[in-house]
Amino acid sequence: MPGAAHVPRAGGIAERARAMAAPRRAAGASYLVGLNPEQREAVETVEGPLLVLAGAGTGKTRVLTTRIAHILSLGLAWPSQILAVTFTNKAAREMKERIGGIVGEEVEGMPWLGTFHSIGVRMLRRHAELVGLRSGFTILDTDDQIRLLKQILQAEDIDDKRWPAKMLASTIDGWKNRGLTPEQVPAGEGATFANGRGKMLYAAYQARLKALNAVDFGDLLLEGIRLLRENPDVLAEYHRRFRFILVDEYQDTNVAQYLWLRLLAQGSRNVCCVGDDDQSIYGWRGAEVDNILRFESDFPGAKVIRLERNYRSTGHILGAAGHLIAHNEGRLGKTLFSEGAHGEKVTVTGAWDSQEEARAIGEEIEDLQRQGHSLSDIAILVRASFQMREFEERFVTLGLNYRVVGGPRFYERAEIRDAMAYLRCIAQPADDLAFERIVNVPKRGLGDVALRQIHEQARAAGVPLQEAARQLVGSDALKPKVRLSLMDLVQSFERWREQAAQMPQNQLAEIVLDESGYTGMWQKDRSADAAGRLDNLKELVRSMEPFENLTGFLEHVSLVMDTEGAAGQDAVSLMTLHSAKGLEFDTVFLPGWEEGLFPNQRALDEQGRAGLEEERRLAYVGLTRARYRAKVYFASNRRIHGLWQSSVPSRFLDELPDGHVEVTESKGGTGWGGGQANGASRRYGYGPSRFDQAETFGSTYSTPGWQRAQAAKGGSFGGRSGGAGGSGGFAEPASRFGGVSGHAAGRASGGRGSGGRLIEGQLIATSTGPASAFKRGERVFHQKFGYGDVVGVEGNKLTVQFDKAGEKHVVDSFVQPA
DNA sequence: TAGGACGATCTTTTT
DNA sequence: GATCGTCCTA
């Protein structure tokens, strides 16, 4: 490589590798010890394009990190000459840690290890002016993006009821994921939104972003591509710089990422992509499995190495997962094997409803805990985040420690976003979106009218809002009251901006929050969550400390939307299947395997067969997270939008092989009858889905599974109406169905009772939920609030006058008769 | 202009 | 069931 003065040594890489590898390795390349032959080959094949197809649990991350360590310790490149891209911040963090574990401090010199987006920003910051931005541009998040689009829609006089900004946002996002600029959007597609104005709106949005000196997430890559394409010298610089390129989770890259990568990889051609087509689960976000499928044709002469030896899961788990994923077409095809024991079979358990599902899983976890298992070795992986709630509620009543991974994000909370908006206004006076957000938060009498005036002034003078406000304050265009209030704000910002230069950012933040009246606003608020919000603000200020300056902090927030949760405590992990990728646990619970939920109806409707296959891969990912125990659950009834809906077991259950699966009964008694499931024709009867054959929808009702469900439903509802009713069974959860396991028994008790409504089709009960068994005047006990009297009943919600805690609204399942 | 009441709409997954 | 947005009134 000529002209690479900053390379440690001249000469061909292979040559140097040969020359240096021998002595170094002889000296004991301890990091190579313990790799299997395929892994070792993947680590040592440093030159030329390489695709590593790494199945679940085959040591993918280990290969990647060892490979980097190998390159560094052979002296083939300096840390700053390695480009290592991951998909998530979590993965980047982990990789950095693990490389550090092998090579030590040297990892600190790897500025180009990160997510696609963080590396994209890094490049854009260096060459902002080449793509029409000023350095220090803002990165908008989804929320800002939507607000901006709303304004554009309004300006174009498009009814945002009919054409929601959200929809436009995802359309534009889709284009950006495919690497399309407004000009490149095919005319036919541009017509899809708002009667043919989609393309125009996209262009308007981009223009607006430029005016705001802002980019959105998609731009981080799209503008990056433009930068490299339009500036050969810049591209050449990066070609010289990046001697080795490594990509993690290659199956998740979208077209834009792929184009970006390909531009950069044309340099050294030492590109190594690691991925597993069976774990591609981000198709909905534009990921192209094709990228991995066509690697060999993109990089002629590419070497492909398969890692199929699984070190994680037992034989039964692998067998079940492998059989499931075999139902997919269009795979590169790998068969995982392990030399470990068969272990326990994968269990499948049916529960009456989602609450009972949570109850049963809670009990299983307590059993495991009693047997000495650590809670942090247990995870519950759900398809959709709303499923988490029931588990949380259950765990709170049980007093079981749990941790929500990737749950409601810290930086997405309103109070944090408000605080951030103040800081953004200081760092970026042109950030109109931030200014709009906080002009009147807390309330300072600057409502719609005032804001409109500021907008008009801004447009007339061609300046950002903050500047327009400053100008208005100097004139007498505003009403005195408004003027005074706005003047105060404008002056405050000027003052803060001066102070910003003189003090650490966390101290500044404290001053800003205090002087703006923002903290005061929450202190005055006596709603239940005000205290929590104040805590969050404190946490925000605290988290700012380690950053170099305010800008550094703001950048971190826009790219790294998660905070590192308090690890270390022994707790069950609760997360979505998506965020579980890359993790592993001794025991994994997989609740909610029901048609419509998993596979997700929307995925089926929108993506058809591809959607189904992606859902199946998601199931595969879930199963393969487990080392020793995988426990699948489904519920016959689930509450969606506050309505109880009956559900049909997932088709994926049918795709699990008998030999590796055991059907068990829910501890709480199943509403479906596990006893039916033995025999050769184990069938859960999801029936033809609405998606497959819409016209035969009715036949769903005649499948054995449906009839079983109906029968059981009748039984349990009878039990419900005749018993304590509602979800009041707090004291003895399992007793409600009193061992009703077969449908015969269920029916016997189900014939009577007017409360046991069975409405045709899916709707089972009204939104108010089952009426509470508690009555006004009844004495109750609540774990947290103590004793009290019921003063009001509404559905299953009670108003209770507690002796000590005062009047509270509680769900009746949290209290018991005193 | 602010606050409250009411109604519509939603729930896939995330950088 | 919850949140968000809109409308109405003080």
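Please read all numbers here as calculations on a predicted model, not as lab measurements. So you know, we letter chains A, B, ... as the sequences are listed, proteins then strands, and number each from 1. Quick note: numbers below take in every heavy atom, side chains included, and nothing from hydrogens, waters or symmetry partners.
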A:Ile640 CD1 to C:dA2 P, straight-line distance once rounded to whole Å: 16 Å
Please write out the pairs of protein N or O atoms and N or O atoms of nucleotides 5-10 of chain C separated by less than 3.5 Å, giving the distance to one decimal.
unit_1, atom_1, unit_2, atom_2, d
C:dG5, OP1, A:Lys150, NZ, 3.4

Report the residues that fulfil ring pair (Phe, Tyr, Trp, His ring centres under 6.0 Å) with A:Tyr258, sequence neighbours left out, ordered by chain and then residue number. none
Can a donor-acceptor pair be found between the side chains of A:Lys479 and A:Gln453 at a distance below 3.5 Å? no
Whole angstrom value for the distance that separates P of C:dG1 from CD of A:Gln645: 15 Å
Please work out which residues in residues 111-119 of chain A have a non-hydrogen atom less than 4.0 Å from an atom of DNA chain B and list them by number. A:Thr115, A:His117
Hey, what are the protein-to-nucleotides 2-5 of chain B N/O distances that come in under 3.5 Å?
unit_1, atom_1, unit_2, atom_2, d
B:dA2, OP1, A:Gly445, N, 3.2
B:dA2, OP2, A:Asn440, ND2, 3.3

Under the rule for salt bridge (charged side-chain N to carboxylate O under 4.0 Å, His left out), what residues qualify as partners of A:Arg625, not counting sequence neighbours? none
Qualifying side-chain hydrogen bond (donor to acceptor under 3.5 Å, both in side chains) pairs, either residue in residues 439-448 of chain A, two or more places apart: A:Tyr422-A:Arg444
How long is the line joining CG of A:Leu140 and C1' of B:dT15, in whole Å? 14 Å
Between B:dT13 and C:dC4 - P atom distance, rounded Å: 15 Å
List in chain and number order the residues that pass salt bridge (charged side-chain N to carboxylate O under 4.0 Å, His left out) with A:Arg285, two or more places apart in sequence or in another chain; answer none if no residue qualifies. none
From the list B:dT11, B:dT15, B:dT1, which nucleotide is the closest neighbour of the side chain of A:Phe217? B:dT15
Distance in angstrom units between A:Leu221 CG and B:dT14 P, rounded: 19 Å
Nearest to the side chain of A:Trp284, which nucleotide is it out of B:dT13, B:dT15, B:dT1? B:dT13
A:Lys166 NZ - B:dA8 P separation (whole Å): 18 Å
Tell me, please, which residues at least two apart from A:Tyr402 pass side-chain contact (heavy atoms from CB on, under 4.5 Å). A:Glu392, A:Phe395, A:Val396, A:Val404, A:Val572, A:Leu574
Can you tell which of B:dT13, B:dT15, B:dT1 lies closest to the side chain of A:Thr88? B:dT15
Using a 4.0 Å heavy-atom cut-off across all strands, classify A:Lys581 as base, sugar-phosphate, or nothing. nothing
Output a table of donor-acceptor pairs, distance under 3.5 Å, between side-chain atoms of residues 151-158 of chain A and any protein atom two or more places apart or on a different chain; print 'none' if there are none.
unit_1, atom_1, unit_2, atom_2, d
A:Gln151, NE2, A:Glu436, OE1, 2.8
A:Gln151, NE2, A:Glu436, OE2, 3.2

Mind telling me whether A:Trp593 and A:Phe652 have parallel, tilted or perpendicular rings, with 30° and 60° as the class edges? perpendicular
Classify the side-chain pair A:Asn328/A:Tyr620 by whether it contains a donor and acceptor separated by less than 3.5 Å. no
Separation of B:dT14 atom P from A:Asn600 atom CG, nearest Å, is 13 Å
Looking at residues at least two apart in the chain, or sitting in another chain, which of them share a ring pair (Phe, Tyr, Trp, His ring centres under 6.0 Å) with A:Phe589? none
Could you give the CZ-to-P distance, from A:Phe598 to B:dT13, as a whole number of Å? 13 Å
Given side chains that start at C-beta, do those of A:Met420 and A:Phe553 come closer than 4.5 Å, heavy atoms only? yes
State which of B:dT15, B:dT13, B:dT1 makes the closest approach to the side chain of A:Thr576. B:dT13
Of B:dT15, B:dT13, B:dT1, the nucleotide closest to the side chain of A:Arg285 is B:dT15
Tell me, please, which residues at least two apart from A:Phe116 pass ring pair (Phe, Tyr, Trp, His ring centres under 6.0 Å). A:Trp260
Please list, chain by chain and in numerical order, all residues satisfying ring pair (Phe, Tyr, Trp, His ring centres under 6.0 Å) with A:Tyr202, sequence neighbours excluded. A:Trp175
Side chain of A:Arg389 - closest among C:dA2, B:dT11, B:dT15: C:dA2
Between A:Val482 and A:His578, who's closer to the 5' end of DNA chain B by nearest nucleotide? A:Val482
For A:Met575 and B:dT14, give me the distance from atom CE to atom P, rounded to whole Å. 11 Å
Residue whose nearest DNA chain B nucleotide is more 5′ - A:Ser579 or A:Lys479: A:Lys479
